[in-house]
There are 2 protein chains.
Amino acid sequence: MSKTKTTRYDAPTKMRRSRQRDRILEILRGTKSHPTAEWVYGRLHREFPHVSMGTVYRNLGQLVEHGIVKRIGFGSTFDRYEANILTHHHFVCERCGSVTDLEVPVDESLTRRLGEAAGVRAVRHEIRLYGTCANCARKG
Amino acid sequence: MSKTKTTRYDAPTKMRRSRQRDRILEILRGTKSHPTAEWVYGRLHREFPHVSMGTVYRNLGQLVEHGIVKRIGFGSTFDRYEANILTHHHFVCERCGSVTDLEVPVDESLTRRLGEAAGVRAVRHEIRLYGTCANCARKG
DNA sequence: GTTCATGCAAATCGTTTGCACAATG
DNA sequence: CATTGTGCAAACGATTTGCATGAAC
């Protein structure tokens, strides 16, 4: 689980190489801006004027599958809603995607402590725990 | 900022009431499943066979705007990608939507401690700090 | 040469919006 | 009655996919 493993692109993957994917990875590695697919496409387009969004998405997806890059968000395209507006944290099952509330008090001071340590002015924080829910765990 | 304010629906809002929105809120309050708009629609459809997704989205949006329910996700429809696959946390600017990495060590033990306290088997956690980035703060 | 990746265009999916009509205050 | 909400359908934007061609091994 602790992916302290090699981060190198030429790691033991079954992916064939392509100049486009190589560049996509270089582009991602060369920025700290957590870009969108659109932005990556814009960058890639300078070198491959005929590249298509399909190629960008396919490659991003593959890089994510192989653990070479990360997708930020909830995975699913659709949003979820909840009536509990009190600050609280979530547990997300990586198997079935279900989301449950953590019945744990929120440490408000963590916002300030983390924010100060990181040098940003934060007003709140949210923690997401990831793992396998009891339901999925039961099914092996 | 700390919305410890009233949670009641009939709070001082300028919203007119509607039977559909009342039910949507009841549905959200009656589940712990963090449903999608689609799911809410399915529920609502039993009572309002002619209800449309447009109504569901409009009402969910309004309930969110009024702070009566919360939307989980990143707000933006599009995903973001990053090459940094080492576990780390993020700061999200609520003004411009920019995402930056927190240059703060990850407390791995928090996964276990939070997971145990909440009674779930978690393998990792991610913290998101929310606030206003330096850039936006400068612009007033 | 067989497999995988590409470009292109069309399709899909969640969400938003314009409009005429109905419900609310 | 002035305004807001509704249903319907069409529009939208991000992402995915089918297909014929081209690159990788």
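Convention: sequence-line order gives letters A, B, ...; per-chain numbering from 1.
- Neither OP1 nor OP2 of dA23(D) sits under 4.0 Å from any side-chain N or O of Q20(A).
- Panel note: side chain H90(B), backbone R128(B); no donor-acceptor pair is recorded below 3.5 Å.
- For E47(A) and dT6(C), the CD to C1' distance is 16 Å, given to the nearest whole Å.
- Rounded to whole Å, the distance from CZ on R58(B) to P on dC19(C) is 13 Å.
- Put simply, OH on Y41(A) is 11 Å from C1' on dC8(C), counting in whole angstrom units.
- Ranking dT24(C), dC8(C), dG7(D) by closeness to the R19(B) side chain, first place goes to dT24(C).
- Side-chain atoms of T55(B) lie closest to dT6(D) of the nucleotides dT6(D), dA5(C), dG5(D).
- Between the CD atom of E65(B) and the P atom of dT16(C) there is a distance of 11 Å, rounded to whole Å.
- Side-chain nitrogen and oxygen atoms of S18(A) include at least one within less than 4.0 Å of the OP1 or OP2 phosphate oxygen of dT6(C).
- Put simply, CD on E38(A) is 9 Å from C1' on dA14(D), counting in whole angstrom units.
- Remark: C1' of dT6(D) and CG of L60(B) are 15 Å apart, rounded to the nearest angstrom.
- With hydrogens and angles ignored, the 3.5 Å screen pairs no side-chain donor or acceptor of R29(B) with any backbone N or O of N84(A).
- Comparing dT24(C), dA23(D), dG7(C) by their closest approach to the side chain of R16(B) singles out dT24(C).
- In this structure a side-chain-to-backbone donor-acceptor pair under 3.5 Å is present from H89(A) to I127(A).
- Applying the 4.0 Å criterion to OP1 and OP2 of dG14(C), one finds that T36(B) has every side-chain N and O outside that range.
- F48(B) places its CZ atom 9 Å from the P atom of dT6(D), with the value rounded to the nearest Å.
- For the OP1/OP2 pair of dC25(D) and a distance below 4.0 Å, the side-chain nitrogens and oxygens of R17(A) include no atom meeting the criterion.
- Within a 6.0 Å sphere centred on CZ of R121(A), heavy atoms belonging to other residues, nucleotides or ligands number 12 at most.
- Residues D107(B) and H125(B) have side chains that never bring a donor and an acceptor to within less than 3.5 angstrom of each other.
- Nucleotide dT6(C) holds its P atom 11 Å from the CE atom of M15(A), rounded to whole Å.
- Contact check, H50(B) against dT6(D): no side-chain N or O comes under 4.0 Å of OP1 or OP2.
- Comparing Q62(A) and A37(B), the nucleotide of DNA chain C nearest to each residue sits closer to the 5' end for Q62(A).
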